[in-house]
Amino acid sequence: MRILMLGNSFTFVNNMPDKLAQLTGAEVIHHTRGGARLAEQLNPETKMGSLTQAALQNEKWDYVILQEMSNGPVTSKDSFLKNVGLLCEKIRANGAMPVLYATWAYQKGGKQLASFGMDYDEMYQKMHDAYHEVAAQNRALIADVGKRFYELADRQNIYAEDGCHPNESGSQIAAQVIADVILADQAKHTEVVVETTADDNDTRLRILYLYQMLLTQSDEEHPLSTKQITDRMMEQHNIHMHRTTVPKDIELLRAAGFDIIGVRRRAWEYHLADRQFSLPELKLLIDAVQSSKFITEKKSKILIEKLISLTSENNADKLQRTVHITGRAKTDNEKGYYIVDAINDAMNAGVKISFLYFDYDGKKKQILRNDGNPYTVSPYDLIWDGDFYYLTGYCDEREEVRVFRVDRIKKQPELLKDIMVKPPKGYSVTKYTQEVFRMFDTQEISEVVLLCENSAMKSIIDRFGITIRTKSLDDEHFQVKVKVCAGPTFYRWVFGFDGKIKIVGPDEIKKQYRERLLRALEEI
């Protein structure tokens, strides 16, 4: 295997090409120069460009790795996208596979980042998005070293003193990420050829291949005949399988506990009946993933692909036809999964966590809460409310139980050594979700009396649950007492019913609602 690396000092520092060669067993050549951009690799008038053009025209390569100048994907994105596209065309003409070596944000708190005029998370996200965009455009592999650095930056020293280049450990991590991507691609394209004379080992493979075939290529509407099985075994795995062997192997799989149905028509036909999820269940899960605001658009597509892989290829086509983009606003916080994992780890360990929490200003810029200082929280529960994840926990700074939206947590929380504060007496996550969470604004709970028209009953049940107690007043109205956070969200909800739901008590809540309405009228 031969690998060509095109880049700059991020590629050649700490002898990273040698590290990659050791990890892959490949011959690794690099055309690099400190500060070089990919545009130089395309220019035959430069020394490095002429070498690269000659190498792509006259030598055979398996993989060509592309690494742009450290901030090029952010500062010159259009040029970056164009040059990668041109290089990928030449790489594919050579018969090689392009690999994007996605680099990282400068060290958080370092001089290099400060002079760049961008915060750490912002630079990471823009670098990440640019590299993934260009990889998708050119059907290239991506070695997301930047993401790995982002995951490790708070707990491992991976930067050199300049806060920009990798140190020895960082280069080793980069080489490992690139090697993993290349070796995984190699494994995917390596053909397994089995001799037609079956020995004991081949028999085991044949059984596994038969199960895999039934799993992915059969279902109730599309059973496989004996001839289809024997033909596909030869076509897909180069294994000769006699027709009389098929029922014997089917019986072995049944003995192992697999529910394989056989039906005799003109010939025996088989399909796998026991699947983890039925088609309606998969459709339901796909709809849930698509409708969730917490799951990013990118992650939604990945999860849906994994869900579709749980059924047969024929049913997968049916699911693909039902998949559509809802247009619903989704979070752009790609760190949500790491954040949730960290919170779960803290709850399991019984320790506090520390994290930065933000809102948005009028220009959609993130503004840190708590004067830019981290919150220290004893995590109690994670609550899914259909749209978002919320964290409930005791906040040391506020000295009370608070609610935090997970997608507003700036980055992966830090697990502290401090033992978490036990939940206060009377804390109940069920009660908390009913009384506080559904009207998420403040932590001040009020008992409010509502006068409602009967037509509003379904909305009351949707909001507060079927167990909410109501009192019928006449043929057209009922009354209900609810515990809510009496803030803007609650008042907007009441106003939206156009008088079908009215606040009748207590007087203080009625007064606050009236004052909000009057202020709104004055602004018209």
Is [Y] close to [X] at the side-chain level, that is, under 4.5 Å between some pair of heavy atoms?
X      : Y      : value
Phe495 : Leu517 : yes
Tyr394 : Tyr427 : no
Leu391 : Ile353 : yes
His132 : Ile142 : yes
Glu447 : Val482 : no
Asn71  : Phe116 : yes
Val74  : Phe80  : no
Pro424 : Val401 : yes

Charged N to carboxylate O below 4.0 Å: is that the case for [X] and [Y]?
X      : Y      : value
Asp154 : Lys108 : yes
Lys510 : Glu508 : no
Asp396 : Lys352 : yes
Arg369 : Asp359 : yes
Glu414 : Arg155 : no

Going by ring-ring contact (aromatic ring centres under 6.0 Å, His included), Trp104 matches just one of Phe10, Tyr131, Tyr120, Tyr124. Which one? Phe10
In Tyr380, Phe358, Tyr375, Tyr390, the residue satisfying ring-ring contact (aromatic ring centres under 6.0 Å, His included) with Phe404 is Tyr375
Side chain of [X], backbone of [Y]: donor and acceptor closer than 3.5 Å?
X      : Y      : value
Asp185 : Val181 : no
Ser472 : Phe478 : no
Asp474 : Glu476 : yes
Asn167 : Glu161 : no

In Å and rounded to the nearest 0.5 Å, what is the [atom1] to [atom2] distance from [X] to [Y]?
X      : Y      : atom1 : atom2 : answer
Ser171 : Ile158 : OG    : CD1   : 10.5 Å
Gln67  : Ile178 : CD    : CD1   : 8.5 Å
Glu122 : Met118 : CD    : CE    : 4.5 Å
Leu100 : Asp144 : CG    : CG    : 10.0 Å
Thr470 : Gln479 : OG1   : CD    : 10.0 Å
Asn138 : Leu87  : CG    : CG    : 9.5 Å

Give a yes or no on whether the ring-centroid distance for Tyr211 and Phe258 is below 6.0 angstrom.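 Yes: the rings meet the under 6.0 Å criterion.
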Any chance the side chains of Gln412 and Tyr150 put a donor and an acceptor closer than 3.5 Å? no
For the residue pair Gln156 / Ser169, report whether a side-chain donor-acceptor contact shorter than 3.5 Å exists. yes
Just do the side chain to side chain donor-acceptor pair (under 3.5 Å) check on Asn370 and Glu397 with the steps written out, would you? CA-CA 9 Å; Asn370 197 31; Glu397 288 73 23; 4.8 Å; no
Would you sort out whether Ser79 and Asn83 count as a side chain to side chain donor-acceptor pair (under 3.5 Å), showing the intermediate values? CA-CA 6 Å; Ser79 176; Asn83 293 328; 3.2 Å; yes
So for atom [atom1], which belongs to [X], do other residues, nucleotides or ligands contribute more than 12 heavy atoms lying within a distance under 6.0 Å?
X      : atom1 : value
Asn348 : CG    : yes
Arg139 : CZ    : no
Glu515 : CD    : yes
Gln137 : CD    : yes

Would you name the heavy atoms of [X] and [Y] that are closest together and state the gap between them?
X      : Y      : value
Ala130 : Leu81  : O-CD2, 4.2 Å
Cys395 : Arg402 : CB-CG, 3.5 Å
Ser76  : Arg37  : OG-NH1, 3.7 Å
Cys164 : Gln112 : CB-CG, 4.0 Å
Glu221 : Asp219 : N-OD1, 2.9 Å
Ser446 : Ile509 : OG-CD1, 4.0 Å

Kindly indicate, with the supporting measurements, whether the criterion side chain to side chain donor-acceptor pair (under 3.5 Å) is fulfilled by Asn373 and Tyr357. CA-CA 9 Å; Asn373 298 312; Tyr357 194 66; over 6 Å; no
Please walk me through it: do Val351 and Asp345 pass side-chain contact (heavy atoms from CB on, under 4.5 Å)? CA-CA 9 Å; Val351 296; Asp345 287 344; over 6 Å; no
Verify side-chain contact (heavy atoms from CB on, under 4.5 Å) between Lys126 and Lys77, making sure each step is shown before the conclusion. CA-CA 10 Å; Lys126 289 188 175 181; Lys77 184 178 177 181; over 6 Å; no
Tyr106 and Ser70: side-chain contact (heavy atoms from CB on, under 4.5 Å), yes or no, with the steps? CA-CA 9 Å; Tyr106 297 151; Ser70 64; 2.7 Å; yes
Starting from the C-alpha separation in whole Å, work towards a yes-or-no answer on side-chain contact (heavy atoms from CB on, under 4.5 Å) for Ile261 and His271. CA-CA 5 Å; Ile261 304 298; His271 72 274; 3.4 Å; yes
Which is it for Arg148 and Glu151 under the salt bridge (charged side-chain N to carboxylate O under 4.0 Å, His left out) test, yes or no, and what are the steps along the way? CA-CA 5 Å; Arg148 188 62 181 142; Glu151 294 167 352; 2.9 Å; yes
From Lys410, Lys411, Arg405, residue fulfilling salt bridge (charged side-chain N to carboxylate O under 4.0 Å, His left out) relative to Asp407: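 The salt bridge (charged side-chain N to carboxylate O under 4.0 Å, His left out) with Asp407 is passed solely by Arg405 among Lys410, Lys411, Arg405.
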Set out, in order, the CA-CA distance, both residues' side-chain angles and the distance that settles side chain to side chain donor-acceptor pair (under 3.5 Å) for Gln125 and Asp121, then state yes or no. CA-CA 6 Å; Gln125 196 64 54; Asp121 288 309; over 6 Å; no
